[in-house]
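Notes follow once the structure below has been shown.
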Amino acid sequence: MGKNKLVIFSAPSGSGKSTIINYLLEQGIPVAFSISATSRSPRGQEEHGKEYYFLTAEEFKTKIANGEFLEYEEVYTDCFYGTLKSEVERIHQAGLNVIFDVDVVGGVNIKKYYGDQALSVFIQPPSVEELKRRLTGRGTDTQETIDKRIAKAEYELSFASQFDVVVVNDDLKTAQEECYRIVTDFFNRE
Ligand code: ADP
Ligand code: 5GP
């Protein structure tokens with residue numbers, strides 16, 4: 001099912017991307033999550049080498065200088081995130097398709113780079129008010145971090161039309177099933 005394909009998920013923070021991706025990873029589809037590198041600190045139960053490779057800003061910059069990133073962005077001021085080329089190689093060598101969780105700019109860039117080999121999915125929240133509620137309810141960020149993320153949400157929402165598919169995450173179960181169908185249809189396509 002699928003060969004060397006890539007599925008990109010992007011959305012404003014709090015839209016439910018990670019929740020949907022984690023659901024897809026449990027469905028027995030031949031996919032693996034591309035573990036990004038970041039210079040932010042772990043939050044909640046996050047572990048190095050699972051959700052992210054947590055690097056210092058210096059380590060991150062060294063990898064930029066060494067050309068180790070497929071793409072990277074300073075998503076929030078002083079907070080770098082990037083996809084290591086070695087991640088895509090690791091997953092494809094294992095015979096699996098790749099799932100990315102990247103910001104909207106990274107998502108558009110990865111899609112351009114891979115063309116038809118990739119499918120880009122934008123997860124849209126019902127409203128910015130609901131985003132605020134979800135970020136607060138998640139209970140993993142300070143008020144300052146939540147404010148920074150909300151401040152960026154309108155800008156990020158303006159990228160939706162540049163994605164192959166837009167899925168509104170209002171009712172979670174409906175959104176998860178829709179994403180499952182979209183991803184498996186894409187993998188089954190020649
Ligand atoms: P993201 O990865 O996009 O930042 P998360 O997956 O961490 O977002 O979701 C943010 C919060 O919203 C989490 O606490 C999650 O459980 C909750 N959430 C996700 N989808 C929904 C939904 N459809 N309705 C209500 N809460 C949701
Ligand atoms: P968070 O801090 O909530 O885990 O992620 C913040 C933002 O960074 C999200 O929009 C997430 O998709 C994005 N992000 C995570 N990894 C990468 C990456 O490798 N590249 C880019 N461009 N963005 C990323």
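Remember, predicted model here, so these are calculated numbers, not experimental data. Order of appearance sets the numbers: ligands from 1, and atoms from 1 within every ligand.
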*Counting both backbone and side chain atoms, is some N or O of Ser36 under 3.5 Å from an N or O of ligand 2?*
yes
*At the 4.0 Å heavy-atom cut-off, does Ser13 count as touching ligand 1?*
yes
_I want to know if ligand 2 touches Asp101 in the polar sense, i.e. an N/O pair below 3.5 angstrom._
yes
_Is there a polar contact, in the sense of an N or O pair closer than 3.5 Å, between Val102 and ligand 2?_
yes
*Glu156 near ligand 2 by a heavy-atom separation under 4.0 Å*: no
*Should Lys148 and Glu144 count as an ion pair when the cut-off is N to O under 4.0 Å?*
no
*Please determine if Ala37 has a nitrogen or oxygen closer than 3.5 Å to a nitrogen or oxygen of ligand 2.*
no
*Starting from atom 10 (C) of ligand 1, find the nearest protein heavy-atom neighbour and note its residue, name and distance.*
Gly14 O, 3.7 Å
*Within 45° of the axis and under 6.0 Å from the centre of the six-membered ring of Phe186, does NZ or CZ of Lys5 qualify?*
yes
*Report yes if Tyr52 has an N/O atom closer than 3.5 Å to an N/O atom of ligand 2; otherwise report no.*
yes
*Output yes when the distance from some N or O of ligand 2 to some N or O of Tyr81 is under 3.5 Å, and no in every other case.*
yes
*Select the closest option to atom 18 (N) of ligand 1 among Arg134, Glu130, Arg43, Arg133, judged by heavy-atom distance.*
Arg134
*Could you name the option among Asn169, Thr19, Leu135 that has the heavy atom nearest to atom 20 (N) of ligand 1?*
Asn169
*asked:* For Phe69 and Phe60, take the angle between the two ring planes, folded into 0 to 90°, and tell me which bin it lands in: parallel under 30, tilted 30 to 60, perpendicular over 60.
replied: parallel
_Does only the side chain of Asp170 get under 4.0 Å from ligand 1, or the backbone, or both, or neither? Count heavy atoms._
backbone
*N or O pair under 3.5 Å between Tyr76 and ligand 2*: no
*Where is the nearest protein heavy atom to atom 8 (O) of ligand 1: which residue, which atom, and how far?*
Gly16 N, 3.1 Å
_Electrostatic pair Glu46:Arg40 at N-O distance under 4.0 angstrom_ = yes
